[in-house]
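Note: hydrogens, waters and symmetry copies are ignored here, and every other heavy atom, side chains too, is used.
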Amino acid sequence: MGYFFAGGYFECLYFERKMLIDIVIVNWNAGFLLRECVDSVLKYGNGQVDRLIVVDNGSTDGSIDLLDELSGVDVIRTGDNLGFAAACNLGAEQGHSPYILFLNPDTRIESTSLSMPLAFMEQPENDGIGICGIQLVNEQGAVSRTCAHFPTMSRLLASSLGLVKFPGLRGSGMLMNDWDHKTSRIVDQVIGAFFFIRRSVFQSVGGFDERFFVYFEEVDLSLKVKKAGFDSWYLAETQAFHAGGGSSSKVKAHRLFYSMRSRILYGFKNFPLYHAWLLVGVTIIVEPLTRMTWCTVSGDMAGVKNTWSAYRMLLKYMAKILKDGVR
């Protein structure tokens, strides 16, 4: 079954559909969420999925063992945590289908989660769309704000100062929090939790930059795709479930560290040098004070501790940058 847009709605046509999608799931201690995600793909693949590839980044929680009795799943055990970008590239190399879906293990797809974006991308008039994301809903059934603007100094500063917490300024940061995500449109970037991309485009821009251990890798890739002449499209006509946070919610200090580290790396890669160093100053001086102030006011002393731990790691990283340069 395929779909095409007509008058703003989907209409059904019946035709033979080849298996056009390789799905790559990167797992790191995702627990039973991984099995639920894989089960949903096996249930709703509808003959469209050529290979389902799970790259396990050295998990220690036994989550990858939950897939042992399943057929139709290719498991790659790295033995170590290679980082999200490197694991995605490794998984993508195993397939040959014209489309790749990078899917987080804390997602669950539904009956049209694959068929609709595939049919949309297959339309000749959409050849200029390189990446497609879909509407994601949380545990309460609410539509999540998942699309983002490309980073600029002003948007990163708004996030660092906590301005996005104030009504009227929620859209001043990277996340498009001022839009309800209930309509389809071109966006700068769709979330990496459901990241549907043409293989030809993915390969032409060199895949994910593996210097991003985690966070900002899909932002950087989306920018490369945009510079190559392709757009990113947010498709609101179909949904998938996304828990959010996933395994990274268990290591909050490290999560914050890698987010800040990747932000700085993105700045040095894509900003003028003086903007990149300005971003460093904001990140290591202004933001920790802002974060700890917000945490203290809200009574979140664990947040204060996690922030301090994250910035100790960040300072060590910056010392390495000053010694060896950005790599």
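In this structure, Asp65 pairs ionically with Arg77, as a charged nitrogen and a carboxylate oxygen lie closer than 4.0 Å. Ion pairing between a basic and an acidic side chain is recognised when a charged N comes within 4.0 Å of a carboxylate O; Lys182 and Asp180 show no such pairing. With respect to the salt-bridge test (charged N to carboxylate O, under 4.0 angstrom), the residues Asp209 and Lys269 qualify.
Taking the centre of each ring, Phe84 and Trp28 stay at or above the 6.0 Å mark. Residues Tyr258 and Tyr215 place their aromatic rings such that the two centres sit no closer than 6.0 Å.
Here the CZ atom belonging to Phe208 is positioned 7.0 Å from the CD atom belonging to Glu218, to the nearest 0.5 angstrom. With rounding to the nearest 0.5 Å, the separation of OG in Ser160 from CG in Leu289 is 11.5 Å. To the nearest 0.5 Å, atoms CD (Gln48) and CG (Leu101) are separated by 11.0 Å.
Side-chain polar atoms of Thr152 and Ser154 form a donor-acceptor pair below 3.5 angstrom. Under 3.5 Å, the side chains of Gln189 and Ser222 contain no donor-acceptor pair of N or O atoms. Side-chain contact of Arg263 with Ser159: a donor-acceptor pair under 3.5 Å is absent, judged by distance alone. Using modelled atom types and a 3.5 Å distance limit, the side chains of Asp74 and Gln94 yield no donor-acceptor pair. Between Asp56 and Ser59, the side chains place a donor N or O and an acceptor N or O closer than 3.5 Å (distance only, hydrogens not considered). Under the 3.5 Å distance criterion, with hydrogens and angles disregarded, no donor-acceptor pair is assigned to the side chains of Asp80 and Thr78. A side-chain N or O of Ser184 and one of Glu237 form a donor-acceptor pair less than 3.5 Å apart. For the 3.5 Å distance criterion, the side chains of Asp188 and Ser232 fail to qualify, holding no donor opposite an acceptor.
Contact of the Asp106 side chain with the His242 side chain is registered, since non-hydrogen atoms from C-beta on lie closer than 4.5 Å. Counting heavy atoms from C-beta on, the side chains of Met176 and Arg145 never come closer than 4.5 Å. Looking at heavy atoms from C-beta onward, Met313 lies out of side-chain contact with Leu256 at the 4.5 angstrom threshold. Annotation: side chain of Leu118 is in contact with side chain of Tyr99 (closest heavy-atom distance under 4.5 Å). Side-chain atoms of Asn81 and Phe213, non-hydrogen and from C-beta on, do get closer than 4.5 Å to each other.
For the residue pair Leu163 and Leu169, the shortest heavy atom distance occurs at O-CB, 3.3 Å. Closest non-hydrogen pair, Leu34 versus Ser63, comes out as CD2-O, 3.7 Å. Shortest non-hydrogen contact noted between Tyr44 and Leu114 is O-CD1, 4.1 Å. Across all non-hydrogen atoms, the minimal contact from Ile131 to Phe195 is CD1-CZ, 3.5 Å. Heavy-atom minimum distance, Leu136 versus Ala193: CD1-CB, 4.2 Å. Pairing each heavy atom of Pro117 with each of Thr112, the nearest pair is CD-O, 3.8 Å.
Remark: side-chain polar atoms of Thr107 are not paired, donor with acceptor, to backbone N or O of Leu103 under 3.5 angstrom. At least one donor-acceptor pair closer than 3.5 Å links the side chain of Ser113 to the backbone N or O of Glu110. Side-chain atoms of Ser298 come within 3.5 Å of backbone N or O of Cys295 as a donor-acceptor pair. Here the side chain of Arg198 pairs no donor or acceptor atom with the backbone of Phe196 at under 3.5 angstrom. Checking side-chain atoms of Asp22 against main-chain N and O of Ser97 turns up a donor-acceptor pair under 3.5 Å. With hydrogens and angles disregarded, a donor-acceptor distance shorter than 3.5 Å links the side chain of Asn29 to the backbone of Asp61. With Arg199 contributing its side chain and Ile100 its backbone, the two residues share no donor-acceptor pair below 3.5 Å. With hydrogens and angles disregarded, a donor-acceptor distance shorter than 3.5 Å links the side chain of Asp300 to the backbone of Gly303. With hydrogens and angles ignored, the 3.5 Å screen pairs no side-chain donor or acceptor of Arg108 with any backbone N or O of Ser40. In this structure, Asn138 contributes its side chain and Gly141 its backbone to a donor-acceptor pair below 3.5 Å.
By the 30° and 60° cut-offs, the orientation of the rings of Phe102 relative to Phe202 is tilted.
Residue Tyr234 is tested with Phe194, Trp179, Phe120 for a ring-ring contact (aromatic ring centres under 6.0 Å, His included); the sole match is Trp179. Tested against Lys224 for a side-chain contact (heavy atoms from CB on, under 4.5 Å), the candidates Val219, Val205, Asn270 yield a single pass: Val205. Checking Asn177, Leu175, Val187, Ile186 one by one against Cys147, the side-chain contact (heavy atoms from CB on, under 4.5 Å) holds for a single residue, Val187. Shown are Arg211, Arg261, Met174; of these, the side-chain contact (heavy atoms from CB on, under 4.5 Å) with Phe216 is made only by Met174.
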Residues Lys43, Asp39; criterion salt bridge (Lys or Arg N to Asp or Glu O under 4.0 Å); working and verdict: CA-CA 6 Å; Lys43 180 178 181 180; Asp39 283 345; over 6 Å; no
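Residue-environment remark: CH2 (Trp277) exceeds the threshold of 12 foreign heavy atoms within 6.0 Å. When the shell of 6.0 Å around NE2 of His149 is examined, it contains more than 12 heavy atoms from other residues, nucleotides or ligands.
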